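Let me begin by presenting the structure, written as structure tokens, before commenting on it.
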Amino acid sequence: MAEAKRVPLSLPLLARVEGEGALELAYAQGRIAGLRLHIFEPPRYFEKFLEGRHYSEVPDIVARICGLCPAAYQMSAVQALEGILGLAPGPWVQAMRRLFYCGEWIESHCAHLHLLAAPDFFGCANVVELAAKDAGAVRRGLKLQNLGNRILQFLGGRSIHPVGARVGGFWRAPSAAEARALLAELQGALPEAEALLDWVLAWPLPECDQAFESVALRTETGYAIEGGRIVSDRGLDIHAEAFERHFSEHQVPHSTAFHCLHEGQPYLVGPLARLNLNADRLPADIRQRLHQAGIALPSGNPFHSAAARAAEVLYALREALRLLADYAPTDTPYVEAEPRAGIGFGATEAPRGILWHRYELDERGLVRAARIVPPTAQNQARIEADLAATLAEMSDAAEAALRQRAETVIRNYDPCISCATHFLRLKVERA
Amino acid sequence: MKPRLGVYKFTSCDGCQLALLNQGADLLALLDRVELVHFPEAGPSAPEAAVDLALIEGSISTPEEAERIRGIRARAGHLVALGACATAGGIQALRNATEAGSAWRAALYPQPEFIATAERSLPVSALVPVDLELFGCPVDGRQLMAALNTVLAGGRYRPSGDSVCGECKQAGHACVLVSRGEPCLGPVTRAGCGALCPGQGRGCYGCFGPSAQANLASLKAVFAGLGLSDAEIGRRFAFITAEAFRALEQKHG
């Protein structure tokens, strides 16, 4: 067989139009000869300006990394810092952190499902068009998104960059009356979260089967959210502090987001990875509904991420109800400690997957070094692998169809550049 | 004809756009009254189109962004800067006060030559005229809707220059500075959040930037009286809206 002619890919300056993702794709004799996903978000240097900051300032700083999942950043940070300080917050704080996190999962998943993902599966260019077609679904989505925000406000004062969380716990314990009001709102929305799952399970998700490693947190009991060991379906089982021995970040010329690899290979984090590893911890009825919809777990179809998000919204809402059911305020919403030097690690399940933090403090409690590995960096190599697998069959497709499929693939991972990939620029070479 | 609206992202966390998207029914009502031309997070994308009202999220931190904001300004009737990044350079402007720009890039990226950024993170107003600035990290959703409705009705909206202290008194919170000795930036921070942090029993950390009558020297003396070191006091102000406080300080010498 003649060797396919290779089309050399030129790598121009980073695509930089409105934080845009751009895809460069080259086909040679019907096969993919080159594929590059360009991502350019201007760097903001968080890890550097954390240096010299007191540990108590860290939660308010790292929240600013992401407006969509600030609580996740706060929760990974406090876990790492409390490890250094020898703080062990009690059951009230642990329960409220899980509740706080449930709010963020609901908010972030609903925003993704309705604003970014759904239009792809209804032949709409965007959510405004979708709202004209199915106003009820969009309204339900906005309502559930706002309920997630209400949970975040309950503990954080506001949903975007909440101010209630601190190292050691929360600044304030909400009153029993506030908890009752929230509980009533959440209870009222339960049927809507059930309906959301049914709605998403009926989406015409593309069929495909790919081989990839799923990596997620896992706990002794329950569906891991705010902590746990890092496990994979290929035998990995480590504490957060061992992360750097197994995972490494690489800079690639075409992106400001690092590529993070596990033993040199791409892997998946996020809702589908969680579902693949922790389905046994979901309530039986949710598992059964996924099964009835034809989703066999573990799933090698990345598009099942949408179903995983909807399942997690329902789970998180039920979990929030459980955590609030016997809520009582406490006199000690936080614990304090003397500063001490050391290194600490934190890993939690942000809506988009494992969010890993490492801090080094000096004896005054000032940050000496910080390292943060967000889920999007971990998924980036997997996105490229998915694109290569999906687009391999499409060498003869029209550019519009290629662009639409590529955007759908990328959006499915809910990368923090989701918004930008709505106008993915596609450059195709065919030889 | 409906006024044309564009929402543009620069260097930011997306939080201010999310504050708009979180407005639910109010947002849908607003969208009925405008033609949404550009708002990638919500769908439509036409970065080069002319608009009557441009909402800008994020700071200007790359040469490309500087060029892009000039283009948007040239095509926009009314331009509104949203939040701490667009009005003060944001938390990422902490690099401005240091030699950090290129040094940090070199420290974080093994191949810094691939990363094109400016040395400094700037507010929109440093590059182009801005018609209205809405402060906060993030902006307050209700204030944002009130401002948009006023502007769309042809009116003028000006956010209050009062300090957080007034909102705190209105909300009936005990003063955390006086009663608990918590260092609180409320006395010098612009109102708009509803005194969120004192409501949680903690000191304000200045998301909305300096108030109109801010007396930084006086508050610093109070903080020193609480036993804070110069470095600790400095860090209080070098935070979310660092550049705005720094500019005020330089003005007052």
Side-chain angles (χ1 to χ4, degrees), chain A residues 13-14 16-19 41-49 52-54 57 60-61 63-68 70 107 111 115-116 119 124-131 139 142-143 145-146 149 156-161 163-164 166 170-172 251-254 256 416 418-420 422-423, chain B residues 8-19 21-22 24-25 27-28 31 36 39-45 47 58 61-62 64-65 68 90-92 94-95 98 100 103-105 107-111 114-117 121 137-138 140 193 196-197 199-202 205 207 232 235 239-240:
Chain A
L13 275 180
L14 298 157
R16 260 174 283 136
V17 182
E18 188 129 345
E41 278 275 325
R44 294 167 71 209
Y45 305 108
F46 274 89
E47 287 154 315
K48 293 310 288 181
F49 59 68
R53 290 280 168 176
H54 192 259
E57 301 165 36
D60 295 319
I61 294 176
R64 268 66 190 185
I65 293 173
C66 178
L68 285 154
E107 167 268 317
L115 298 172
L116 301 170
C124 299
N126 55 59
V127 70
V128 181
E129 280 183 21
L130 180 63
R139 222 177 291 122
L142 291 176
K143 181 180 166 185
Q145 182 183 334
N146 271 325
N149 289 335
R158 68 182 166 201
S159 62
I160 306 167
H161 306 332
V163 301
R166 53 168 289 164
F170 289 92
W171 283 93
R172 159 186 179 270
Q251 190 191 359
V252 289
H254 54 278
T256 46
C416 284
S418 284
C419 47
H422 262 283
F423 48 104
Chain B
Y8 306 85
K9 175 185 153 64
F10 287 77
T11 302
S12 67
C13 77
D14 291 70
C16 289
Q17 293 183 73
L18 185 61
L21 290 172
N22 277 344
L27 175 65
L28 293 178
L31 291 180
L36 191 60
F39 190 1
E41 290 218 353
S45 171
S61 80
T62 71
E64 176 277 328
E65 286 187 332
R68 189 153 58 88
I91 193 168
Q92 59 272 18
L94 283 172
R95 71 175 184 255
T98 68
W104 286 3
R105 186 166 61 209
L108 277 183
Y109 292 92
Q111 293 171 283
F114 292 136
I115 313 293
T117 78
S121 171
C137 183
D140 179 76
C193 66
L196 271 180
C197 284
Q200 300 282 322
R202 62 177 295 192
Y205 58 88
C207 295
E232 286 168 332
R235 289 206 308 271
F239 211 57
I240 307 295

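All chains are named by letter (A, B, ...) in the order of the sequence lines, taking the proteins before the strands, and each is independently numbered beginning at 1. Predicted, not measured: the structure shown is a model, and the values here were computed from it.
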Best-contacting candidate, B/Gly24, B/Gly58, B/Gly201, B/Pro138, against chain A by heavy atom pairs under 4.5 angstrom: B/Pro138

Can you name the side-chain contact (heavy atoms from CB on, under 4.5 Å) partners of B/Asn22, sequence neighbours left out? A/Gln145, A/Asn146, A/Asn149, A/Ser159, A/Ile160, B/Leu18

Using only atom types and a distance under 3.5 Å, with no angle test, would you say the side chain of A/Arg64 pairs donor to acceptor with the backbone of B/Cys137? yes

Which residues pass the ring pair (Phe, Tyr, Trp, His ring centres under 6.0 Å) test with B/Phe39, not counting sequence neighbours? none

Please tell me if the side chains of B/Cys207 and A/His161 come closer than 4.5 Å, counting only heavy atoms from C-beta onward. no

Atom SG in B/Cys197, atom CZ in A/Arg172: separation rounded to 0.5 Å? 12.5 Å

Of the non-hydrogen atoms in B/Gln200 and A/Gly156, which two are nearest, and what is the gap between them? NE2-C, 4.0 Å

What's the separation between atom CG in A/Asp60 and atom CZ in B/Arg202, rounded to the nearest 0.5 Å? 4.0 Å

With chain B, the option among A/Ile61, A/Leu142, A/Val128 that has the most non-hydrogen atom pairs under 4.5 Å is A/Ile61

Quick one: of B/Leu31, B/Leu27, B/Leu21, who has the most non-hydrogen atom pairs under 4.5 Å with chain A? B/Leu21

Do other residues, nucleotides or ligands put more than 12 heavy atoms under 6.0 Å from the CZ atom of B/Arg235? yes

Does any backbone or side-chain atom of B/Glu65 lie under 4.5 Å from a heavy atom of chain A? Answer side chain, backbone, both or neither. side chain

Please classify the contact of B/Ile240 with chain A as side chain, backbone, both or neither, using a heavy-atom distance under 4.5 Å. side chain

Can you tell me how far apart NZ (A/Lys48) and CG (B/Leu94) are? Round to the nearest 0.5 Å. 13.5 Å

Shortest non-hydrogen separation from B/Phe239 to A/Arg53 and the atoms involved: CD1-NH1, 3.3 Å

Using 0.5 Å steps for rounding, measure from the SG atom of B/Cys13 to the CZ atom of A/Phe46. 7.5 Å

Can you find a pair of side-chain heavy atoms, one from A/Val163 and one from B/Tyr205, that are under 4.5 Å apart? yes

Structural part of A/Glu107 lying under 4.5 Å from a heavy atom of chain B: side chain

